[in-house]
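Heavy-atom basis, side chains included; hydrogens, waters and symmetry copies ignored. Nothing here was measured: the structure is a model prediction, and the numbers come from that model. Both counts, for ligands and for their atoms, begin at 1 and track the order of listing.
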Amino acid sequence: MAEQFKDKRRITTKTLQEMKASNHKISMLTAYDYTMAKIIDAGGADVILVGDSASNVMSGHETTLPITLEQMIYHASSVVRGAQRAMIVVDLPFGSYQGNTKEALSSSIKIMKESGAHAVKLEGGDDVVDSIKRILLAGIPVMGHLGLIPQSIYKFGSYSVRAQEETEANKLIEDAKKLEIAGVFAIVLEKVPAELAKKIADSLSIPVIGIGAGNRCDGQVLVSHDMFGMTHEFSPRFLRRYLNLYEEMKNAVNQYCLDVQMGDFPNSKEQY
Ligand code: KIV
């Protein structure tokens, strides 16, 4: 956390804009529940994303598609109760905004009203610009998401690096510009070449937050369960694990089971 951002005031879209302007990197992590949000907020993350990756890490689905609007609101409201400082952004889940702009607006209003979060995020380029404008008209800040967009996984067929070809790279640059003009306050750029991400970040005045997009974006985001090493089977190149909680938690469970079996837990000090 940069010195001037150590105060406890809530991070807003304005703070993020100032951070970009003064070259202070933005740190963003996902959270889906109260306890995790409390830890991540206390650790100093500027933004907490209630990502639809909850579909994977919380519910065990293969993709982000199954999670519902109601489930996202449940996760988001728990996160809101846990975080004092971080700005809380909630993913609009698959099927809650693609139909038309009215649907996008009503899903966003439902999230804001029922969870108490501060902004929504949606995936896509020029195809979602009208929806972004409509949501913004209601006073709801919107974060964009370009590059690898997991809600369209069946269209692309793989989670490989995006925009490696010139045509796709140019389309990505254009989409990022269109999202900025539409009024998004930041863009997540997922799994694209680092040089391209730098080019996009340099060309926009809003923050670009990367995941698998190199270190010259204006900030970084990771799925907290990956970053804590709870999801040991998922190892993309961009992931840095700060802990190995899968092993540590598994060993703790194992020790607990042994203690119970041996009659060693609870001991005389752990009873009434
Ligand atoms: O759902 C999510 O966790 C995300 C991040 C990977 C950016 O969208």
Leu222/Phe238 under side-chain contact (heavy atoms from CB on, under 4.5 Å): CA gap, chis, key distance, verdict: CA-CA 9 Å; Leu222 283 176; Phe238 67 77; 4.0 Å; yes

Ligand 1 versus Asp52: contacting region, heavy-atom distance under 4.0 Å: both

In the protein, which heavy atom is nearest to [atom], and how far is it?
atom: atom 4 (C) of ligand 1; value: Leu49 CD2, 3.5 Å
atom: atom 2 (C) of ligand 1; value: Ser53 OG, 3.2 Å
atom: atom 6 (C) of ligand 1; value: Ile211 CD1, 3.8 Å

4.0 Å heavy-atom contact, Lys121 with ligand 1: yes

More than 12 heavy atoms from other groups under 6.0 Å of NZ on Lys38: no

Under a 4.0 angstrom heavy-atom cut-off, which atoms of ligand 1 come close to [X]?
X: Thr30; value: 3 (O)
X: Gly51; value: 1 (O), 2 (C), 3 (O)
X: His145; value: 8 (O)
X: Val223; value: 3 (O)

Whether His232 and Tyr246 hold their rings parallel, tilted or perpendicular, with breakpoints at 30° and 60°: parallel

For [X] and [Y], does a side-chain donor sit closer than 3.5 Å to a side-chain acceptor?
X: Ser77; Y: Glu114; value: no
X: Thr231; Y: Asp226; value: yes
X: Gln98; Y: Gln151; value: yes

Contact (N/O only, under 3.5 Å) between Asp91 and ligand 1: yes

Row check, Phe156 ring normal vs Arg162 NZ/CZ: under 6.0 Å, within 45°: yes

